[in-house]
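Note sheet for the following structure.
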Amino acid sequence: MKYILTPKNFLDVALTLESGQAFRWQRHGDIWTGVVKNKVCRIVQDGLTVRFTGFTREEFIEYFDLRLDISEIYENTFSTHAEIRHLPQKYNGLRIMHQDLYECMLSFMLATNTSIPHIKSMIAKLSELCGEKIAGGYYAFPTPERILKSREKLCTCKLGYRERYIVEIARRIVDGSIELEKIKCMDYEHAVSELRGVNGIGNKVSDCICLFALKHYEAFPIDRHILDRVCRAYSSDNGFP
DNA sequence: CAGGTC
DNA sequence: CCTGG
């Protein structure tokens, strides 16, 4: 499948897939390979031309949220703050993705207090351990049922203290005390308070989930780095950046 | 200590 | 607090 981007609403595939929003993509040369919703997907970008397999055209547009006019957000928010006005140009093509809520919830819970390589390793091992095998030796993201079935072996995934959280979340989804479809219908404030009621999910993670799975663009995940940069940008002794 | 949370 | 760079 082939898709032609516009300069005004640009997508930089590499920038977006390396940004720490998604953890299941790998680059081989100029080919990006990842697993999205039980399917192996590949993407190659050449300027404004993007070719892909595994997605339908509609799924691709949804996944990278290409219908969102990102330049509108840039103009409405960034241009009014001198300290960050240069960033849209610097990170042109960095899109806010629209990922699956369940996968996003577990992924960002696992992402707490550790590094991107470890996050990728945890998700890869978890998928290999109990995800459904799909094409080419790849594994789907495991369903909550499959996670529970493998809970004795979860220690091989090196999740550390996050292991008990993931088991609890899987159990709560299966028994219905976490209702993903209801969360998808909530506004930002309600979604945050619902997500924050889950063990292992705090302020930062709930905002990541709201931004990367629920299209709540007002979410603003504050991690250590963001906090540092915001403090510097608005401190009186212009150390920025 | 690291892209937090309890 | 688990784990890894």
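Chain letters run A, B, ... following the sequence lines, proteins first, then strands; residues in each count from 1.
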Residues that A:Y139 engages under ring-ring contact (aromatic ring centres under 6.0 Å, His included), provided they are two or more places apart: none
Out of curiosity, does A:V205 fall in the hydrophobic cluster containing A:V192 (side-chain heavy atoms, cut-off under 4.5 Å, transitive links)? no
Please say yes or no: joined through hydrophobic side-chain contacts below 4.5 Å, possibly via intermediate residues, are A:I70 and A:F10 part of one cluster?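 No, A:I70 and A:F10 fall in different hydrophobic clusters.
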[atom1] of [X] versus [atom2] of [N]: gap in Å, rounded?
X: A:E163; N: B:dT5; atom1: CD; atom2: C1'; answer: 17 Å
X: A:Y161; N: B:dC6; atom1: OH; atom2: P; answer: 10 Å
X: A:I166; N: C:dC1; atom1: CD1; atom2: P; answer: 21 Å
X: A:R196; N: B:dG4; atom1: CZ; atom2: P; answer: 14 Å
X: A:K120; N: B:dA2; atom1: NZ; atom2: C1'; answer: 16 Å
X: A:I169; N: B:dT5; atom1: CD1; atom2: P; answer: 12 Å
X: A:F212; N: B:dG3; atom1: CZ; atom2: P; answer: 15 Å
X: A:L195; N: B:dG4; atom1: CG; atom2: P; answer: 17 Å

Can we say A:K125 and A:E128 salt-bridge, meaning some charged N sits less than 4.0 Å from an Asp/Glu carboxylate O? no
Before giving the answer on side chain to side chain donor-acceptor pair (under 3.5 Å), spell out for A:S19 and A:Q21 the whole-Å C-alpha distance, their side-chain angles and the decisive distance to 0.1 Å. CA-CA 6 Å; A:S19 66; A:Q21 295 183 62; 3.2 Å; yes
State yes or no: are the ring centers of A:Y74 and A:Y91 separated by less than 6.0 Å?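 No, the ring of A:Y74 stays outside the 6.0 Å limit from the ring of A:Y91, centre to centre.
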Dump every N/O contact between nucleotides 3-5 of chain C and the protein below 3.5 Å, one line per pair.
none

Do the ring planes of A:W25 and A:Y63 sit parallel (below 30°), tilted (30 to 60°) or perpendicular (above 60°)? tilted
Do A:S206 and A:R196 meet the criterion of a side-chain donor-acceptor pair at a distance under 3.5 Å? no
I'd like to know if the side chain of A:R95 pairs up with that of A:N9 as donor and acceptor (distance under 3.5 Å, no hydrogens or angles considered). yes
Per-residue pairing states of DNA chain C in dot-bracket (Watson-Crick or G-U under 3.5 Å; . unpaired, | other strand) read |.||.
Determine the contact category for [X]: base if any of its heavy atoms lies under 4.0 Å from a base atom, sugar-phosphate if only primed atoms, P, OP1 or OP2 are that close, otherwise nothing.
X: A:I201; value: sugar-phosphate
X: A:G200; value: sugar-phosphate
X: A:S107; value: nothing

Among C:dC1, B:dC6, B:dG3, which is the nearest nucleotide to the side chain of A:Y165?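 Taking heavy atoms from C-beta onward, the closest nucleotide is B:dC6.
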